[in-house]
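Structure first, commentary second.
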Amino acid sequence: MHNIKDIRENPQEFKKNLEDRFVDIKLEKILSLDETNRKFILSKETLEKQKKDISKSKDPKLFSKSKEISEQISKLAADQLKIKNELDDILKSLPNVALKDVPIGKDEKFNKEISKTGEIKKFSFKPKSHYEIGEKLKMFDFDLATKTTGSRFVFVKGKLAQLERAISNFMIDSHITNNGYEEISPPLMASDDTMYGTGQLPKFENDQFEIKLDEDSGRKFLIPTAEVILTNMVKNQILNYKNLPIRLVASTPCFRKEAGSYGKDTRGMIRQHQFYKVELVSIVDPINCLNELERMTNCATKILDDLKLPYRKIILSTGDMGFSAEKTYDIEVWIPSENKYREISSCSSCGTFQAKRMKSRFKNEANETKFVGTLNGSGLAVGRTLIAILENYQNEDGSIDVPEVLKPYMNNLNKITSN
RNA sequence: GGAGAGAUGGCUGAGCGGUUGAAAGCACCGGUCUUGAAAACCGGCAAAGGGGCAACUCUUUCCUGGGUUCGAAUCCCAGUCUCUCCGCCA
């Protein structure tokens, strides 16, 4: 959430920054609510001071006066709270401000390609889509998932299930051993305020699967990404600068309603309600956010290098970035059957935006309390990596070569064939 | 599911109606000492918000929400969470 103090000091700049993200900001409303709020606070505090003085004096003659003041205070407090809540509701739904080097544009058309890596393989036959390959191998079963569960789910079976697990294990091992991340096996559900902390609530409630444990307790949500639960590990904490950076990795299922993408990617497992993802999260001193973003993105692309999959790196435009992000790189992998690149990772710096929502702070070397910086990135989306391997490593007979680095995770299997 | 215990600052932990924003220790920051470090010693060290150009000052906060009282970390009620024991189950 944005600090109202910063807005107050530089309202026009704030307005412009959010307009660059194509957000309709009611600046006048915000400023007037803030002013009213402060007026209420001032009069409330004046009364509180009077009351405190009376109680300190211990003078019985003043006691009845104190009671009167109490009533006035509670009235003022109620009015003040109403204004404050109204103000907060507006602030809570405003996205983070983009950094200066982020291209301004209203949607993905304004994203900019930064680099292309790897060679696109020339097939001597027409490459099949991952779902054709998987179904032919009898290792993807979409119909069965429809029967047991519904649309946008899949059964992965046999060697492809093993391959999926191999991909996940290879990625985690790589991040642990080469990049210094700590592996976490987190809860797959998150509470209301946890979801708020990383920015999924209040604005994107419709994308989340809500869980009710019982009538009385608060609602919970299936995590749409491990980012939510990993980042919130430092919620409501004041860390020491010596503990930073914190680097976490987890491989978890992710659950998304995919509301608003009806009819999009309906075939295959590109867009599912449930998918595995290896997620990277960094908690850093905010002055290191940009370096960490580069580092994290490199951790993600290294996986694709090792898997020998062609990819490109793009920087998202202001309109295409996520709610909490200040700068985002997407990594897109080559999908032969579609003859184009598709997103396989998204790495974002959130600056102190999430930290302010979570109240995650640290003491710096000067012993001052500051908000931490948070970053998250996929390293990588496991389901989509499986897709990319199927398509890029396919042979004309429908078999799949196992990528070199995954063989140790597949009992040194060279090739996946039907039967 | 049954029976208890508890929730205090970055951490451990005192306080159980009135200079308690909160003892003490640890951690952290600054200093003395030292070639440097450690140890020892000295000093500092909660957060959020408001007012003020500033020095500074005020308010709130001892899990959350109500209540009692002139006054609550301290008493009462409700809730949340944690722990221990018993039962049940992976």
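What you are looking at is a predicted structure, and each value in this text was computed from that prediction instead of being measured.
If you check every strand for non-hydrogen atoms under 4.0 Å, S55(A) touches a base. Looking at heavy-atom distances under 4.0 Å, E365(A) makes contact with sugar-phosphate atoms alone, never a base. At the heavy-atom level, K52(A) lies under 4.0 Å from the strands shown only through sugar-phosphate atoms.
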remark   = Read 5' to 3' with Watson-Crick or G-U pairs under 3.5 Å, [ ] for crossing pairs and | for partners on another strand, RNA chain B gives ((((((((.[[[..)..(.....]]].(((((.......))))).((((((....)))))).[[[[[..)....]]]]])))))))....
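Residue K65(A) places no side-chain N or O under 4.0 Å from the OP1 or OP2 atom of C70(B). Residue Y241(A) places at least one side-chain N or O under 4.0 Å from the OP1 or OP2 atom of C29(B).
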query = Hey, mind stepping through N395(A) and S399(A) against side chain to side chain donor-acceptor pair (under 3.5 Å) and telling me if it holds?
reply = CA-CA 5 Å; N395(A) 300 308; S399(A) 65; 3.0 Å; yes
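Using cut-offs of 30° and 60° on the angle between ring planes, the pair H175(A) and Y181(A) is perpendicular.
For K313(A) and E294(A), the salt-bridge test passes: some basic side-chain N is under 4.0 Å from an acidic carboxylate O. Salt bridge annotation for E404(A)-K308(A): absent, with no cationic side-chain nitrogen under 4.0 angstrom from a carboxylate oxygen.
For residues 38-51 of chain A, every residue pair satisfying the side chain to side chain donor-acceptor pair (under 3.5 Å) rule, not counting sequence neighbours, is listed here: D34(A)-R38(A), K49(A)-D53(A), K51(A)-S70(A).
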inquiry  = Output one letter per nucleotide in nucleotides 45-52 of chain B: B when a protein non-hydrogen atom lies under 4.0 Å from the base, S when only the sugar-phosphate is that close, - when neither is.
reply    = -SSSBSS-
